Amino acid sequence: MENTPLAPPHAPAPAARGRVLVVDDDPTVAEVVVGYLHRAGYAVERAGDGPAALERFAAARPDLVVLDLMLPAMDGFEVCRRMRAHGPVPVIMLTARGDEEDRILGLETGADDYVTKPFSPRELVLRVESVLRRAGAGAPAAEEARPLSGAGLRLDPVARSASRDGVGLALTLREFDLLAFLLRYPGRAFGREELMREVWGWDFGDLSTVTVHIRRLRGKVEQDPARPRLIRTVWGVGYRLDLPGDGEDAEAEEVAEATAVGAVADAAEVTGRPEVTGRPEVTGRPEGAGRPEGAGRA
């Protein structure tokens, strides 16, 4: 009689790539998002409203939160604020409201990304992967691990700590990565598409994400954010970090820039047209991305 081989014991389930909390009161949307994240290898929990999300968050801190803006009882902005009050956690806002003000408010609340419904679930998974990658499992490469400093700023990429003049800076994940990148390349101008690709590893997305993070970063590192001396706007190009002593003509450049801005403002007042800085930019977007962004300033 032929022996029937015994079935091998159940192998342990492979370790999840990360724990994600999905907060959405629409069961259809939540089911789709959870399904795609599960298939991508993530451990996923669900919550249908703000209080339930905060309860799950307190019970077991997730690696990332996908958070709907329009929630019953407590909106996503407030949920995000309360989560971030307990410590840094990556947050991707998920909403049907695509207005720029909502997007900016979501990012300024501490969200790391903002995805507008209807959206591609595959794109959302890519966003999750990108944010978690930047949140940083594993040690940075040697070049990226070295401390960075200049103009009173000091960043430690390994400890993920930042300070100015000895005072700690409360930076979000994206703000930290953006400032670290600029400190590695002082005096060099980068376009917004280039910053999005080089800093966060995205080949797609809303350019206003860069604009908002530059604005937020200026508010934390500049002595006078209305007249930035460190993170400068390079008209028609993007942004550049200037450190003291980087250029002999820095003061002359600042005077010329102020004169140019004043001339634009004066012309706008005379003609009745709003002030326009920079050039209109339009980027191709995947399904569900926000509207093309017109000219604007950080």
Side-chain angles (χ1 to χ4, degrees), residues 64-65 67 69 76-77 80-81 84 88-95 98-116 126-128 130-136 144 148 151 153 155 157 160-164 168-186 188-222 224-226 228-234 237-242 277-278 281 283 285 289-290 293-298:
L64 181 141
V65 180
L67 178 62
L69 176 60
F77 294 137
C80 184
R81 288 189 189 98
R84 296 304 293 266
V89 60
V91 176
I92 296 179
M93 285 281 191
L94 187 63
T95 179
D99 294 341
E100 183 177 6
E101 289 302 317
D102 291 328
R103 182 169 62 250
I104 291 174
L105 180 56
L107 293 171
E108 291 185 342
T109 301
D112 294 272
D113 200 1
Y114 200 102
V115 178
T116 305
L126 291 175
R127 300 282 185 106
V128 168
S130 177
V131 172
L132 284 176
R133 184 169 60 250
R134 302 308 301 183
E144 296 180 353
L148 302 164
L153 295 167
L155 270 69
R160 301 293 291 186
S161 64
S163 63
R164 175 162 192 187
L169 296 173
L171 302 179
T172 66
L173 292 170
R174 281 213 197 160
E175 291 166 359
F176 188 98
D177 291 336
L178 179 57
L179 182 56
F181 182 81
L182 293 174
L183 276 170
R184 289 189 185 101
Y185 304 99
R188 176 175 168 183
F190 294 94
R192 289 187 297 175
E193 300 96 332
E194 192 174 7
L195 288 172
M196 185 173 286
R197 182 178 63 253
E198 297 296 331
V199 179
W200 301 310
W202 291 359
D203 292 319
F204 56 84
D206 193 332
L207 292 177
S208 66
T209 298
V210 178
T211 305
V212 170
H213 280 83
I214 288 287
R215 182 184 307 147
R216 285 173 51 86
L217 197 52
R218 282 173 170 165
K220 296 178 181 181
V221 305
E222 298 280 0
D224 181 2
R229 301 291 300 272
L230 297 175
I231 304 176
R232 309 291 289 272
T233 297
V234 181
V237 179
Y239 304 100
R240 182 187 69 230
L241 178 69
D242 285 346
T277 57
E281 297 184 82
T283 59
R285 286 178 172 73
E293 182 194 355
R297 60 182 181 186

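Here the structure is a predicted model, which means the values were calculated and not measured.
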Across all chains, not counting sequence neighbours, the side-chain contact (heavy atoms from CB on, under 4.5 Å) partners of Ala189 are Val234, Val237, Arg240
Got a second to check how far Leu171's CG is from Ser163's OG, nearest 0.5 Å? 10.0 Å
Within this structure, what is the CZ-CG distance for the pair Arg232 and Leu241, rounded to the nearest 0.5 Å? 10.5 Å
Between Leu67 and Gly76, which heavy-atom pair has the shortest distance, and what is it? CD2-O, 3.3 Å
side-chain contact (heavy atoms from CB on, under 4.5 Å) against Glu198, all qualifying residues, sequence neighbours excluded: Phe181, Glu194
Within-4.5 Å side-chain heavy-atom neighbours: Lys220 and Leu179: no
Determine whether Val199 and Val210 make a side-chain contact, defined as any pair of heavy atoms from C-beta on separated by less than 4.5 Å. no
Indicate the atoms forming the closest heavy-atom contact of Ala180 with Leu148, along with that distance. O-CD1, 3.5 Å
For the CG atom of Leu183 and the CG atom of Leu230, what is their distance to the nearest 0.5 Å? 9.0 Å
Arg160 versus Pro157, closest heavy-atom pair with distance: CD-O, 3.3 Å
Please enumerate all residues that pass side-chain contact (heavy atoms from CB on, under 4.5 Å) together with Ser161, with sequence neighbours excluded. Asp156, Ala159
Are side-chain heavy atoms of Asp113 and Val128 found at a separation under 4.5 Å? no
Does Arg218 reach the side chain of Thr233, with side-chain heavy atoms less than 4.5 Å apart? yes
Tested for side-chain contact (heavy atoms from CB on, under 4.5 Å) against Tyr239, the lone hit among Leu178, Leu182, Thr211 is Thr211
Residue pair Pro228 / Glu222: nearest heavy atoms and the distance that separates them: CB-OE2, 3.4 Å
Quick one: CE on Met196 to CG on Leu207, what's the gap to the nearest 0.5 Å? 5.0 Å
Just how far is it from atom CD1 of Ile214 to atom CD of Glu175, taken to the nearest 0.5 Å? 10.0 Å
